[in-house]
Number of protein chains: 2
Amino acid sequence: MHSLNNLIIEFYDKLSSWEQSVVKDTGYSLAQVHTIEVLGSHGPMRMKELADRLGITTGTLTVQVEKLVQFGLIVRTPHEVDRRSIMVELTSEGTALHKQHNRMHLQLTEDITRHLDPESIKVLTQSFEKMNREF
Amino acid sequence: MHSLNNLIIEFYDKLSSWEQSVVKDTGYSLAQVHTIEVLGSHGPMRMKELADRLGITTGTLTVQVEKLVQFGLIVRTPHEVDRRSIMVELTSEGTALHKQHNRMHLQLTEDITRHLDPESIKVLTQSFEKMNREF
DNA sequence: TTTATTAGTTTGATTGTCAAATTATCTTGA
DNA sequence: TCAAGATAATTTGACAATCAAACTAATAAA
């Protein structure tokens with residue numbers, strides 16, 4: 001258990017460094033790419049929900065979103081029924097960036113699991129499912 | 001492979017949020033606790049090595065270390081042979097903080113793996129070892 | 001012994017962040 | 001119904017963390 005704990009921490013640190021270096025190559029900041037990632041994997045959503053998912057305040061997000069709109073990566077549209085709310089979604093460019101980033105992630109996953117046999121991959125997948133459920 | 005990739009990303013995000021909330025309770029910042037974590041798990045080291053492990057410049061670290069010294073969590077001592085270098089190490093208070101944080105991590109690992117059978121834990125551990133090697 | 005490299009600090013600028021105040025809209029309960 | 005409270009987003013002012021570049025001191029290499 002103790003060694004598994006250390007392995008998880010090491011895994012997290014390495015994934016962190018990897019993400020940092022991959023993001024740097026895009027020319028956008030970590031916070032910006034993270035915003036694109038969330039919108040890309042969960043679809044359009046309100047400012048409030050996006051802020052909650054990113055773990056930041058809406059005040060911070062307002063500024064962040066402003067920049068991404070200027071970059072042409074996202075657009076703001078009024079919420080259909082709630083006029084207080086604003087929906088945020090990816091443009092085609094934003095979607096392209098998300099897809100590109102996703103491909104990098106997929107490639108990394110393939111790279112780091114290449115010495116695992118099919119049975120281990122199966123157990124690993126099931127274990128991640130169970131662990132994610134327990135957070 | 002595609003689903004494993006998504007599970008890894010989800011795992012990473014959840015671990016990120018967990019760390020954020022756990023760190024907030026300590027009263028120290030994420031960057032500060034991270035510095036303590038690295039020193040705690042790898043022992044005393046030079047500024048340069050610490051900066052590299054944290055993925056920041058030595059300029060940033062100089063400021064960061066200054067604060068941690070004021071908090072009484074670390075001390076700076078001259079390097080024994082290289083007079084350009086400065087060794088940074090945890091005080092007993094810093095060590096206490098590290099141990100406390102480590103206990104939280106261990107508890108989390110126990111919590112999220114409680115529905116895994118011994119054989120899965122074994123495979124999971126071996127898989128993490130292999131994946132960490134491939135980064 | 002020059003010259004180049006390395007370790008750490010300082011400085012100035014930028015980014016990401018929050019809390020609090022503000023405006024607009026929605027929801028609720030009397 | 002409608003006044004009071006709650007919620008969504010923005011704005012503002014203040015910090016934290018960060019980097020790049022200039023700088024000092026010490027070591028390494030030619």
Side-chain angles (χ1 to χ4, degrees), chain A residues 13 16-17 19-39 42 44-71 73-89, chain B residues 13 16-17 19-39 42 44-71 73-89:
Chain A
D13 280 348
S16 232
S17 306
E19 181 80 8
Q20 196 115 27
S21 78
V22 161
V23 163
K24 182 177 279 179
D25 294 341
T26 67
Y28 298 105
S29 73
L30 195 58
Q32 286 162 357
V33 172
H34 196 198
T35 303
I36 298 302
E37 271 190 286
V38 170
L39 284 173
H42 293 93
M45 64 185 75
R46 292 177 307 162
M47 292 287 289
K48 185 59 168 60
E49 184 182 353
L50 184 52
D52 287 347
R53 283 191 189 274
L54 292 170
I56 60 180
T57 63
T58 54
T60 300
L61 184 60
T62 294
V63 180
Q64 203 60 256
V65 160
E66 190 50 52
K67 276 183 238 158
L68 292 173
V69 168
Q70 280 170 14
F71 290 147
L73 296 174
I74 64 178
V75 287
R76 280 188 274 209
T77 59
H79 191 282
E80 294 183 354
V81 298
D82 189 341
R83 283 188 296 169
R84 292 171 304 179
S85 290
I86 287 187
M87 295 295 288
V88 183
E89 62 183 305
Chain B
D13 280 349
S16 233
S17 306
E19 181 79 9
Q20 196 116 25
S21 78
V22 161
V23 162
K24 182 177 278 181
D25 295 341
T26 67
Y28 298 106
S29 74
L30 196 58
Q32 286 161 358
V33 173
H34 196 198
T35 304
I36 299 302
E37 270 191 285
V38 170
L39 284 173
H42 293 94
M45 64 185 75
R46 290 177 308 161
M47 292 286 290
K48 185 58 168 58
E49 184 182 352
L50 184 52
D52 287 347
R53 283 191 189 273
L54 292 170
I56 60 180
T57 62
T58 54
T60 299
L61 185 59
T62 294
V63 180
Q64 203 61 256
V65 160
E66 189 49 51
K67 276 183 236 158
L68 293 173
V69 168
Q70 279 169 16
F71 290 146
L73 295 175
I74 63 177
V75 286
R76 280 189 273 211
T77 57
H79 190 283
E80 292 183 354
V81 298
D82 189 342
R83 283 188 295 169
R84 290 170 306 180
S85 289
I86 287 187
M87 296 296 285
V88 183
E89 63 182 305

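Numbers restart at 1 for each chain; the letters A, B, ... are given by sequence-line order, proteins then strands.
Residue B/Ser29 has a polar side-chain atom (N or O) positioned under 4.0 Å from OP1 or OP2 of D/dA17. Within the 4.0 Å cut-off from OP1 or OP2 of C/dT15, not a single side-chain nitrogen or oxygen of A/Lys67 is found. Under 4.0 angstrom from either OP1 or OP2 of C/dA7 there lies no side-chain N or O belonging to B/Ser85. Proximity of B/Thr57 to the phosphate of D/dC19: a side-chain N or O atom is located under 4.0 Å from OP1 or OP2. Within the 4.0 Å cut-off from OP1 or OP2 of D/dA8, not a single side-chain nitrogen or oxygen of A/Arg83 is found. Taking only side-chain nitrogens and oxygens, A/Gln64 comes nearer than 4.0 Å to OP1 or OP2 of C/dT17. Of the side-chain N and O atoms in B/Thr62, one or more sit less than 4.0 angstrom from OP1 or OP2 of C/dT9. Regarding contacts with the backbone of D/dT10, a side-chain N or O of A/Arg76 is found under 4.0 angstrom from either OP1 or OP2.
How far CG of A/Leu50 is from CD1 of A/Ile56: 7.0 Å, rounded to the nearest 0.5 Å.
Side chains of A/Val88 and A/Val69 form no contact here, defined as non-hydrogen atoms less than 4.5 Å apart.
Residue A/Gln32 contributes atom CD, which lies 17 Å from atom P of D/dT18 at whole-angstrom precision. Between the CZ atom of B/Arg46 and the P atom of C/dT6 there is a distance of 11 Å, rounded to whole Å. Protein atom NZ of B/Lys24 is 7 Å distant from nucleotide atom P of C/dC18, rounded to whole Å.
Judged by distance alone, with hydrogens and angles left aside, B/Arg84 brings a side-chain donor or acceptor within reach of the base of C/dT6, the pair sitting under 3.5 Å.
Listed for the B/Ser17 side chain is a donor-acceptor partner under 3.5 Å among the backbone atoms of B/Asp13. In terms of modelled atom types and a separation under 3.5 Å, the side chain of B/Thr35 and the main chain of B/Ala31 share a donor-acceptor contact.
Between B/Glu37 and B/Arg53 there is no salt bridge, since none of the side-chain N atoms of the basic residue sits less than 4.0 Å from a carboxylate O of the acidic one.
With distances taken from any side-chain atom of B/Ile56 to the nucleotides D/dT18, D/dT10, C/dA7, the minimum falls on D/dT18.
Residue contacts for A/Val81: at a heavy-atom cut-off of 4.0 Å it reaches the sugar-phosphate backbone alone, with no base atom in range.
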